[in-house]
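Contents: one structure, followed by commentary.
Hydrogens, waters and symmetry mates are skipped; everything else that's a heavy atom, side chains included, is used. To find a chain, count down the sequence lines: A is the first, B the second, and so on, and within it residues start at 1. Owing to the predicted nature of the structure, the values given are computational and were not obtained by experimental measurement.
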There are 2 protein chains.
Amino acid sequence: MTTPTSEQKIVYTLTDEAPFLATGSFLPIVRAFTSAAGIKVETSDISVAARVLAGFPERLTEEQQVTDTLAELGELTKDPSCNLIKLPNISASIPQLKAAIAELQSQGYDIPDYPDEPSTDEEKDIQARYSKVLGSAVNPVLRQGNSDRRAPPAVKAFARKFPHSMGEWSKASRSHADYMRGGDFFSSEQSVTMEEAGDVRLEFVDKDGNVEVKKTVALQEGEVFDSMFMSAKALDSFFERTLQECKADGVMWSLHVKATMMKVSHPIVFGHAVRVFYREVFEKYGELFEELGVNPNNGMNSVYEKIKTLPQSQQEEIEEAIHACYEHRPEMAMVDSVKGITNLHIPSDVIVDASMPAMIRNSGKMWGRDGKVKDTKAVMPESTYARIYQEMIHFCRTNGAFDPTTMGSVPNVGLMAMKAEEYGSHDKTFEMSQDGTMRVVKADGTVLMQHDVEKGDIWRACQTKDAAVRDWVKLAVTRSRQSDTPAIFWLDAERAHDRQLRLKVEKYLKEHDTEGLDLRIMGYSRAIRTSMERMIRGKDTISVSGNVLRDYLTDLFPIMELGTSAKMLSIVPMLNGGGMYETGAGGSAPKHVQQVQEENHLRWDSLGEFLALAVSLEELGIKNDNPQAELMAKALDAATGQLLENNKSPSRKVGELDNRGSHFYLAMYWAQYLAEQTENADLAARFAPLAKALTENEAKIVQELADAQGQAADLGGYYHPDMAKVDAVMRPSKTLNDALAAL
Amino acid sequence: MTTPTSEQKIVYTLTDEAPFLATGSFLPIVRAFTSAAGIKVETSDISVAARVLAGFPERLTEEQQVTDTLAELGELTKDPSCNLIKLPNISASIPQLKAAIAELQSQGYDIPDYPDEPSTDEEKDIQARYSKVLGSAVNPVLRQGNSDRRAPPAVKAFARKFPHSMGEWSKASRSHADYMRGGDFFSSEQSVTMEEAGDVRLEFVDKDGNVEVKKTVALQEGEVFDSMFMSAKALDSFFERTLQECKADGVMWSLHVKATMMKVSHPIVFGHAVRVFYREVFEKYGELFEELGVNPNNGMNSVYEKIKTLPQSQQEEIEEAIHACYEHRPEMAMVDSVKGITNLHIPSDVIVDASMPAMIRNSGKMWGRDGKVKDTKAVMPESTYARIYQEMIHFCRTNGAFDPTTMGSVPNVGLMAMKAEEYGSHDKTFEMSQDGTMRVVKADGTVLMQHDVEKGDIWRACQTKDAAVRDWVKLAVTRSRQSDTPAIFWLDAERAHDRQLRLKVEKYLKEHDTEGLDLRIMGYSRAIRTSMERMIRGKDTISVSGNVLRDYLTDLFPIMELGTSAKMLSIVPMLNGGGMYETGAGGSAPKHVQQVQEENHLRWDSLGEFLALAVSLEELGIKNDNPQAELMAKALDAATGQLLENNKSPSRKVGELDNRGSHFYLAMYWAQYLAEQTENADLAARFAPLAKALTENEAKIVQELADAQGQAADLGGYYHPDMAKVDAVMRPSKTLNDALAAL
């Protein structure tokens, strides 16, 4: 038996809302089980409240003070022994932050109010400290590696046995993807690899030769640097063409962008779509809209909001002008046909990586104004990645909808580390205010890349660090080897960036033993086609992709295979050797907390935690040569499989099995497996009594858990609940608690 | 200067109808030019009349007797020095043969009548002799090699400058190809390679174990032998599904087979379609139809013909029943909407290799009953090759119609020698009369392949000889090298036959120097996709394909590139080293002859002859190290290019430039090029006077040629015209004749 060492440690994050409450029930089970295998499970509080408190130590009593756990975890990610289970946390908006502050103040924490408009130095300091808590503050600190996402065997088996619905495909479907055939980022992309480290300047040169340095970026040796632009004129013509085609063909029009992630470029693209669709409105009321502060990049919602200040008659006139546009424009896909919310209402409503798989799953159709589903032109201006959707549409049109009961899987190894590629481009994206030249210039004055641009064009640069690529290649080889699965590097010979990457891939593949592995490099169209052809024959193919494709593919394929991407394993093998195991793509679920507060029923599904923990244990076992940990992992996977098969996932209805009941069943199956296995007699003996106790008391425990439901529950806080109260609410079964304690 | 040797000889075939008349004008020009390069041009008469006369030497006077030129040419194909220009000839039907006999008899040839129902031994002998002249009797004797088809540079340049019309493609087109997903030949194909020569028996074993030998086939060592079957039940369900889908989707239904070439299997497939479409009619009148001798394999035409013997009222009843079917069936594509001739009328009306390119060129649409074009489901039951059309439809749907002004070319190297593959399967195709097993058994009793079959299933076997494959590989390497063009072997890893072929290809590629060549092996879908992706970027890609694909691809791509496949160079490099240069895919054009007889205008376009002659000269030059021949070839190609560019091809209208005028211009451009070139001063000097004479007399000659038109022309016969009369009709310009004679 392996002696526990200080390295055999799992860090389990305490976060917010539903996942945090679920942890209150699940963590005691985890600790009971893992301690038997000599594994310590520590917690780390990265809730909004903890991060707020960490910002103001000097204002708190010694007892109230908390350490800066996020910073600590950031350090931990550099430790090769890092083994971190990361649950969903709140990416706080300002209203959420203010609510958290108020709650903490009411609990006696002397923290300052959030200064909306700071004037004094002190207020500015306060705002700066709070700003660290805002938005997506956790992932950038913790995601110090590339991405490994896959469907766990238990989840795949569940989908095969209980397949989700898939809309039938007609071979005569008119639906298709449409994208620019020139003038987009894809067409203009240039890319260089830095021979040595150094600064580059992103410069705009106007028609008179005046140079404006937009930004200076420090680049590493071997770093790939791309620049590209989208022509505003080409974009507008493209939108006009797509609209006219839809009108002529009687096909619905829909726009798919990712304004949330590509948060500088895509809202601008969205704004162009709004201006072209409602061309007459913007031509007639353009000046008025400017006065009112209408920003088409925020969607038609912005128009409706801003014109509310106008006299009623003028509002009606504008609304009539808007309605007049619908006469000569094609039907537009609706986000909510009941409420009349169109595709152009709010830029974040239709997010390509979720909306396109949904459309494809739904027979290639979207919802029209009349609430009926219709064939659709899916408009995705940037052609780089849009082509993969056209491939899948063609494939389904020819071969029919995918069959979840027989289809193979497409796991992903994604280049994510160090803000790779377009997803790190926000601070290097510019909308041109005049005609001229954008160029990338080395410190010595060498012009690396340049583009002639026009007013309104969107220019951007992206970085990809050599170390990230090298690690990504390694991860791909490792995953291909471990899973005995062919892997395809999705690198398009027609993309400047991908040609640079291909050189690196070929170079770094030589660092590995690839004997017997099936590793290929293909353009996107061929890669997805090959993967789909294998998939419908039940074969798996790893997609080894860049960052945006990672994002898209880890929704696209899981939604076809599993009906959701939330059931995927999401692992971040850290650059330095550690690992982070992310759970639940579904956010932190505020509505779930409401239900607990009102009727003490938690419908949060901890499947993600089960899966993450199993991989965490497996990795820990492999790294520390701890076969017990590996056995625990195997047993947990088996238990998860049984849980799915027996449908012991939480119900949405009060009185029925909830998150806690689901945890009980997991514990029972887990213990049963360990008690019955013959690999390790010691563990079998240790878990036999627990298995017996839980099995014999199944009805009793389920009843105790059910009895707890039905009335309001007091958690002692929302952002910063009382731990004792949470414990009481989340562990209401004495029989279960006793059985665990006996272990 | 090379001395002419006996090998430096071109054999020019004399055939029938329009091409023969054109030869009357063109051949004197050819002879005048080639003799200057030391090349002899001999003729060989393979007209129907000559072949008839060759059959009855004993009944003719010594003067009347002709030699068996076809047999002589057959021998010539085995000679490495063979250089044969083959013009289109009549594949005689019985009525045509009878007309030829009558004409010869009237000219004093004592040949017997054709005995329709021979009873005596003598009559049987006569019929046997005549049967050698019937049908496609020439190609099997002469095509002793694989196939090399390509668009000549002059033709390609012409298409780029004067592009043919291409229908626009909508991205929302509903058109698609549909094919069986199981139960077809593709799904059941088995294939073996013979380790040693020997006989195999094709046996049917019934349910009681009784064995019936259907056929015994002698196979060579290394020969590939395939067997496969199409399930009648699966075929019927497939047709029913496609009909229901069309009805539901509002898309037109059309059937595409090749009953002319796959003359056993495809008429049966066609018959199934007829029976399924008009299910109620055949259910109700099945017995009556059988009595009447209705054969659905001959199309609905057979029904209409046969019911004519019935009382009027019964005819009307059946016609009403037929019309009732249209109520619940989808709209069917029409062959002739004016005459009401549907897709199911006559099996040879819609021939897949011509009809599918036409549909794709026509925006993916076919003609409906109302004479309007509509989106269509193109039904091609056998999935083996149908998938390439679906790929092209998808491609056009995504990327728009091909652009003849910029697109590259897809030349073909086709496996054709020794009746390769399915095109040699007619005598080994059987429709099952009962359930049982079909098997292929070696002489020693070893069962090589077997299939469980049901009544009505179509079973067939195909042969591919090793020597043919070996030569095909060599031809592919040679063409890739000579044209500096990548070549793709279209071999599908999912096809049993292709897997056998792939082994041979890999083996035989090693016999060649492939250094620096881009030779790849791909499945059909990927092969066509790759070729199209290159094509729209202006790049050429050789398709190296099997026999059926050869047939399909040499229509499909030329129709996209050139608007017709008739302008392709069609070369048969003989297995023994010689070469045949085929001209004009458009048949021998009886209507053209009528026009000559009525108004002395020949609209036949000799472009095919120009192209074939140029390659013939080039090959002859290379083989005999005769640079003058190569120069003549280069000059001829240039002249052809100029002819096309200046639009000096024949007009269809009397009084305008016809075939003879076109020949004059060719001669003029050819002479001008030779006179002006500086490679060979001797030739330049020799052709200078001719160039001068023709250039100076252009108007005069054109006028002389025009003056000859307008009244009836006497050719002294149709099948066996008078040579002197033909000469007089076809060479009416004294100025031109004198100039040529002076050379």
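Other residues, nucleotides and ligands place no more than 12 heavy atoms under 6.0 Å from the CZ atom of Arg520(A). In the displayed structure, Lys247(B) atom NZ is contacted under 6.0 Å by more than 12 heavy atoms of other residues, nucleotides or ligands.
Contact count against chain B (heavy-atom pairs under 4.5 Å) is highest for Arg529(A) among Arg529(A), Glu245(A), Lys377(A).
At a heavy-atom cut-off of under 4.5 Å, chain A is reached by no residue from residues 363-374 of chain B. Contacts between residues 383-409 of chain B and chain A, counted as heavy-atom pairs separated by less than 4.5 Å, involve Gln390(B), Glu391(B), His394(B), Arg397(B), Thr398(B), Asn399(B).
Under 4.0 Å is where a charged nitrogen must lie from a carboxylate oxygen, and between Glu494(A) and Arg537(B) at least one such pair does.
Contact of Ser175(A) with chain B is made through the backbone alone, with heavy-atom distances under 4.5 Å. Contacts between Lys171(A) and chain B at a heavy-atom distance below 4.5 Å involve backbone atoms as well as side-chain atoms.
Distance check, rounded to the nearest 0.5 Å: OG of Ser525(B) to CD of Glu533(A) gives 6.5 Å. Between Ser170(A) atom OG and Arg174(B) atom CZ the span is 6.0 Å, to the nearest 0.5 Å.
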